[in-house]
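Down below is the structure, laid out as structure tokens.
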Protein chains: 2
Amino acid sequence: MDDIDRALVLRLQQDAGQSYAALGTAVGLSAGATHERVRKLRERGVIRRTTVDVDPAAVGSGVLAYVMVDSNAWMGESGDDFAAIPEIQEAHIIAGSASVLVKVRTASTEQLQDVLRRLYAIDGVSGTHATVVLETFFERPLPL
Amino acid sequence: MDDIDRALVLRLQQDAGQSYAALGTAVGLSAGATHERVRKLRERGVIRRTTVDVDPAAVGSGVLAYVMVDSNAWMGESGDDFAAIPEIQEAHIIAGSASVLVKVRTASTEQLQDVLRRLYAIDGVSGTHATVVLETFFERPLPL
DNA sequence: CATCAGACCGAACATAGTTCGGCAAAACTT
DNA sequence: AAGTTTTGCCGAACTATGTTCGGTCTGATG
């Protein structure tokens, strides 16, 4: 994981569709060597997969909210329960007063309410505190 | 934006590296027609870009925290101020007691503290409340 | 000093991306 | 309802890229 690897990851985050030749030129390598570097980055798990970035509003997920989930039990094994709710995009165990923080995307606030209802149905969940996002400044890749 | 488009976006989210031929077979189209569909999805902005999913811990961002930022002024024009802090991965204006919610990734809690210091330096910021993530259950693409 | 392992280059070969003419179905027009 | 236009698709040609491989160099190891 040297400077060249970091440069490769950075450029792939910006555009994973470019050719190995272009990528190689940018970092000072041949296409073949670049290919080999990227292959190893995938093998090591640094690069998990290549994906596309989708406009949420265009696919019926125009409402974004973060929900603090309070509980009266240990939630460490409840990952699957949260994963079963498709509108939940992220779920984290957190330090602090609540015990789980989830990121939810829905088409409407009515559907958001329905997600909250399903959250309450999870074992150990004693309360929720939803924060609705009014405007997103930006969402961007990791710094390098 | 019909069922085929949704199927294409779904499959591209899972693996943007597969061939148009494979993608076409999966949805019942030829490679050429698939190519044209995906081109239009990009043109319309439904697909914003193709990127790679990187393991944060592998690139020196093992600490994740969400920070509620309180303010005593209108923050609607301060997007650039938040964008100037590279460790901030997302920044949103929110409804509720705080006015901005940011997602921060750093290598250490010391660096997290330094980010908080830089947040305080932004015009109008009157306080912060950081929530450190202990474990991430999952982070996944949008539902379709 | 000799040997070994790792990384790179450049060229060959295989595969996929991209374009295009022709066709058919659907959507307007009159 | 018939004509006309538009849209979307197929399949094949053409172009570009991915992928592999032998040979070379460099730095590390013993």
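Atoms considered below: every heavy atom in the structure, side chains included; atoms not considered: hydrogens, waters and symmetry mates. All chains are named by letter (A, B, ...) in the order of the sequence lines, taking the proteins before the strands, and each is independently numbered beginning at 1.
- B:Leu134 CG to B:Leu64 CG: the interatomic distance, rounded to the nearest 0.5 Å, is 10.0 Å.
- Rounding to whole angstrom units, CD of residue B:Glu36 and C1' of C:dG21 are separated by 14 Å.
- Rounded to whole Å, atom P of D:dT19 lies 17 Å from atom CG of A:Leu29.
- When rounded to the nearest whole Å, the span between NE2 of B:His35 and C1' of D:dG8 equals 15 Å.
- Across the protein-nucleic acid pair, B:Glu43 atom CD and D:dT7 atom C1' stand 14 Å apart, rounded to whole Å.
- Each of C:dC9, D:dC10, C:dA7 was ranked by its minimum atom distance to the side chain of A:Ser30; first place goes to C:dC9.
- Surrounding CD of B:Gln113 are at most 12 heavy atoms belonging to other residues, nucleotides or ligands under 6.0 Å away.
- Per the geometry, CG belonging to B:Asp2 stands 14 Å off P belonging to C:dA26, to the nearest Å.
- Between A:Arg39 and D:dT19 there is no side-chain N or O to OP1 or OP2 distance below 4.0 Å.
- Contacts of B:Gly17 with the nucleic acid, taken as non-hydrogen atoms under 4.0 Å apart, are absent.
- Salt bridge absent: A:Lys40 and A:Glu43 never bring a charged side-chain N and a carboxylate O closer than 4.0 Å.
- Salt bridge B:Arg118/B:Asp114: present, at least one basic N to carboxylate O contact under 4.0 Å.
- Which of C:dC8, D:dG18, D:dC10 sits closest to the side chain of A:Ala33 comes down to C:dC8.
- For the pair B:Gln18 CD and C:dA16 P, the computed distance is 11 Å after rounding to whole Å.
- Residue A:Tyr20 places its side chain closer to D:dT19 than to any other of C:dT18, D:dC9, D:dT19.
- If you measure from atom NZ of B:Lys40 to atom C1' of D:dC9, you get 10 Å, rounded to the nearest angstrom.
- The nearest whole Å value for the distance from the CG atom in A:Leu8 to the P atom in C:dC8 is 10 Å.
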